[in-house]
Amino acid sequence: MKLRFILFIVLLPVFYISQAQENLDVKIDYRMEALSIFYTLATVDTLDVKPTPSNYYKDFKTYFEPYKNHKSLNWYRNLESWDGFDVASLGLFLSNKYPFEIRIKPEINYIRSSNKDSFLYNFNKFYKDCKVKKFIEKHHKLYESVAKNTKDFVNKSGIVKEIQTFYGKSTDGKIVIYLDLLNNMGNNAIPSSSIDFSGDRMFRLAYLNDSSKNLTDNSPVIFEPYVNVIIHELSHLYVRDFLENYANDLSEIKNLFLTTSNGKRLDETEWKNELDELIVRVCTAKILEQRYGKEKGLKEIENQSLHYKLAKPLYNLFENYTSNRSEYKSITNFYPKIIDYLKNYNE
C-alpha cells in the first residue's frame with residue numbers, strides 16, 4: 001500500500017507535464033507563409049526592420065529576385081497605407097487551395113490597406129505567377145524540422161507547466177503556435193470562435209533577431225522563442241474569463257483603463273483590450289519573478305508601467321495571490337480581490 005502511494009506521488013508531476021505537452025502544437029502554415037512572403041517582398045526595401053538573417057532568408061531573396069517587381073507587389077507598394085505585420089495571420093482563414101478566398105470569417109480585420117477582393121486578387125496573382133507554391137514545397141522538410149525543434153525547446157523549458165501551476169487551472173482546447181520565419185517585427189494572438197479551431201488558443205511568433213548571436217545569411221534557422229513571449233501569449237488563454245465573468249462590474253469603471261501612464265486618452269472602444277493586456281502583463285511579470293527571481297519580475301513590470309499606469313499597483317496586489325496559494329487555489333479564486341481593488345482604486 002505504501003509503495004503504491006509513493007509511486008502515485010512520483011508519477012503525478014509527470015502526468016501534468018505530459019498533459020501540458022499534449023496541449024501544445026507548433027506549426028508553419030503554408031498559407032500564412034505565402035502571405036508573409038508577399039508582404040515581405042512588397043515592403044522589405046522600405047522598412048528599417050529586415051527579416052532575421054538565415055539560410056532560409058537567403059533562399060527567399062535568391063528565389064524571388066526575378067519577381068521583385070511583379071505588378072501585384074507594385075500595386076501593394078503604391079497603396080496609401082500598408083497592413084500591419086499581423087496580416088499573415090489571415091492565412092488561417094483562407095481556403096486550403098489556390099485560388100485562395102476567405103473561408104472562415106476572422107474576428108480581426110487583417111486587411112486594412114484596401115478592400116478584401118482587391119487584396120486577394122493581387123495576392124492570388126502573385127502566388128501563381130511567382131511560383132510561391134514551389135518555393136514552399138521546396139522548404140517543407142525545413143518547416144517540419146523547425147516546428148519540431150521549437151516544440152521540443154518549449155517543452156524542455158518547462159514553461160507551459162510553470163504557467164499552468166501559476167494559474168492553478170487547466171484550459172480547454174489546444175495551444176497552437178504558428179511560426180513566421182520572415183517576420184522580425186512582432187507576435188500576435190489569433191482569436192477565433194470558429195468550430196474549425198475547436199477552442200484552440202492560437203498565436204503567431206516572429207523569428208526575432210538576436211544581435212548577440214551575429215547571425216548571417218548562412219546561419220541555420222534556430223527558432224528559440226523568448227520565454228516572456230510564451231508566457232504573455234499563453235496567459236491570454238488563462239485569464240480570458242476575467243472579462244467575461246465580470247463584464248458588468250468592469251464596464252462601470254472602464255475609464256480607469258483608458259488613460260496611459262503619460263496621460264494619453266484612448267478611444268472608449270479600447271477599454272477591454274487595454275484591461276486584458278494589463279492583467280496579462282502583470283501576470284507575466286509575476287511568472288517571470290516566480291521563474292527567475294524578484295529582479296526579473298520588477299524589471300518586466302517597470303517596462304510595462306511605461307504604458308499601463310495600473311501595472312505596478314496590480315503587480316503589488318498580486319503578491320497576495322502568490323504568497324497565499326493555500327487560500328487562492330487558482331487565479332479564478334483571486335478575481336474578486338482584483339475587482340474589489342479596481343473598484344476602490346484611488347490615484
Side-chain angles (χ1 to χ4, degrees), residues 18-40 51-52 54-57 59-60 85-98 100 102-104 106-108 110 123 127 132-157 159-161 163 171-208 220-227 229-237:
S18 298
Q19 187 180 51
Q21 292 175 347
E22 289 171 3
N23 288 338
L24 173 68
D25 200 2
V26 182
K27 302 178 180 179
I28 294 180
D29 183 276
Y30 72 94
R31 297 161 301 175
M32 293 173 71
E33 193 66 17
L35 280 166
S36 186
I37 289 169
F38 175 74
Y39 182 80
T40 302
T52 296
S54 69
N55 49 21
Y56 178 70
Y57 182 40
D59 286 351
F60 162 83
F85 64 82
D86 62 345
V87 67
S89 301
L90 177 67
L92 284 185
F93 305 96
L94 298 181
S95 51
N96 291 322
K97 294 182 179 180
Y98 168 88
F100 299 105
I102 296 176
R103 183 177 64 88
I104 303 169
E107 294 186 11
I108 290 177
Y110 294 107
F123 169 62
Y127 183 88
V132 177
K133 181 180 179 180
K134 182 179 179 181
F135 176 83
I136 289 175
E137 288 178 342
K138 176 184 175 183
H139 293 88
H140 178 72
K141 288 185 178 179
L142 172 67
Y143 298 152
E144 285 190 333
S145 175
V146 170
K148 180 183 182 303
N149 290 340
T150 304
K151 182 177 181 178
D152 290 345
F153 173 82
V154 174
N155 281 331
K156 287 177 182 177
S157 74
I159 194 60
V160 176
K161 169 59 180 171
I163 293 168
T171 60
D172 296 328
K174 184 181 291 186
I175 299 158
V176 187
I177 301 173
Y178 291 96
L179 308 180
D180 188 337
L181 305 187
L182 296 175
N183 173 19
N184 185 24
M185 300 180 71
N187 313 287
N188 64 278
I190 309 174
S192 178
S193 56
S194 170
I195 59 172
D196 291 72
F197 302 114
S198 305
D200 291 348
R201 172 65 185 180
M202 305 175 292
F203 59 96
R204 177 168 154 266
L205 285 189
Y207 185 34
L208 299 174
V221 177
I222 301 177
F223 206 121
E224 296 180 351
Y226 294 155
V227 169
V229 172
I230 296 292
I231 296 171
H232 177 105
E233 297 298 347
L234 266 63
S235 290
H236 280 288
L237 181 65

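Just so it is clear, the values below take in all heavy atoms, side chains as well, and ignore hydrogens, waters and symmetry mates.
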The side-chain contact (heavy atoms from CB on, under 4.5 Å) partner of Val146 among Ile222, Val26, Leu179 is Leu179

Using only atom types and a distance under 3.5 Å, with no angle test, would you say the side chain of [X] pairs donor to acceptor with the backbone of [Y]?
{"X": "Asn149", "Y": "Asp152", "result": "no"}
{"X": "Ser54", "Y": "Val221", "result": "no"}
{"X": "Glu33", "Y": "Ile28", "result": "no"}
{"X": "Thr40", "Y": "Ser36", "result": "yes"}

Residue pair [X] / [Y]: nearest heavy atoms and the distance that separates them:
{"X": "Tyr110", "Y": "Ile190", "value": "OH-CG2, 3.6 Å"}
{"X": "Ala206", "Y": "Gly186", "value": "CB-O, 3.4 Å"}
{"X": "Glu107", "Y": "Ser193", "value": "OE2-N, 2.7 Å"}
{"X": "Ser95", "Y": "Arg103", "value": "N-CB, 3.9 Å"}
{"X": "Tyr57", "Y": "Thr52", "value": "CB-O, 3.8 Å"}
{"X": "Ile163", "Y": "Ile230", "value": "CD1-O, 4.2 Å"}

Out of curiosity, [X] [atom1] to [Y] [atom2], how far, rounded to the nearest 0.5 Å?
{"X": "Ile175", "Y": "Phe203", "atom1": "CD1", "atom2": "CZ", "answer": "7.0 Å"}
{"X": "Asn188", "Y": "Asp180", "atom1": "CG", "atom2": "CG", "answer": "9.0 Å"}
{"X": "Ile102", "Y": "Leu94", "atom1": "CD1", "atom2": "CG", "answer": "6.5 Å"}
{"X": "Leu35", "Y": "Leu182", "atom1": "CG", "atom2": "CG", "answer": "12.0 Å"}
{"X": "Phe223", "Y": "Leu205", "atom1": "CZ", "atom2": "CG", "answer": "5.0 Å"}
{"X": "Lys151", "Y": "Lys27", "atom1": "NZ", "atom2": "NZ", "answer": "10.0 Å"}

Please list, chain by chain and in numerical order, all residues satisfying ring-ring contact (aromatic ring centres under 6.0 Å, His included) with Phe135, sequence neighbours excluded.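 Here the qualifying residues are Tyr56, Tyr63, Phe64, His139.
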
Check whether any side-chain heavy atom of [X] lies under 4.5 Å from a side-chain heavy atom of [Y], and answer yes or no.
{"X": "Leu181", "Y": "Tyr143", "result": "yes"}
{"X": "Met32", "Y": "Leu92", "result": "yes"}
{"X": "Ile108", "Y": "Pro191", "result": "yes"}
{"X": "Ile177", "Y": "Thr150", "result": "no"}

Is Asp29 paired with Arg31 through a side-chain N to carboxylate O contact shorter than 4.0 Å?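 Asp29 and Arg31: salt-bridged.
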
Salt bridge check, Lys138 against Asp59: does any charged N sit closer than 4.0 Å to a carboxylate O? no

According to the interplanar angle, ranging from 0 to 90°, do the rings of His232 and His236 count as parallel (below 30°), tilted (30 to 60°) or perpendicular (above 60°)?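 Aromatic pair His232/His236 classed perpendicular.
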
Would you say the ring centroid of Phe197 lies under 6.0 angstrom from that of Phe93?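 Yes, ring centres under 6.0 Å apart.
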
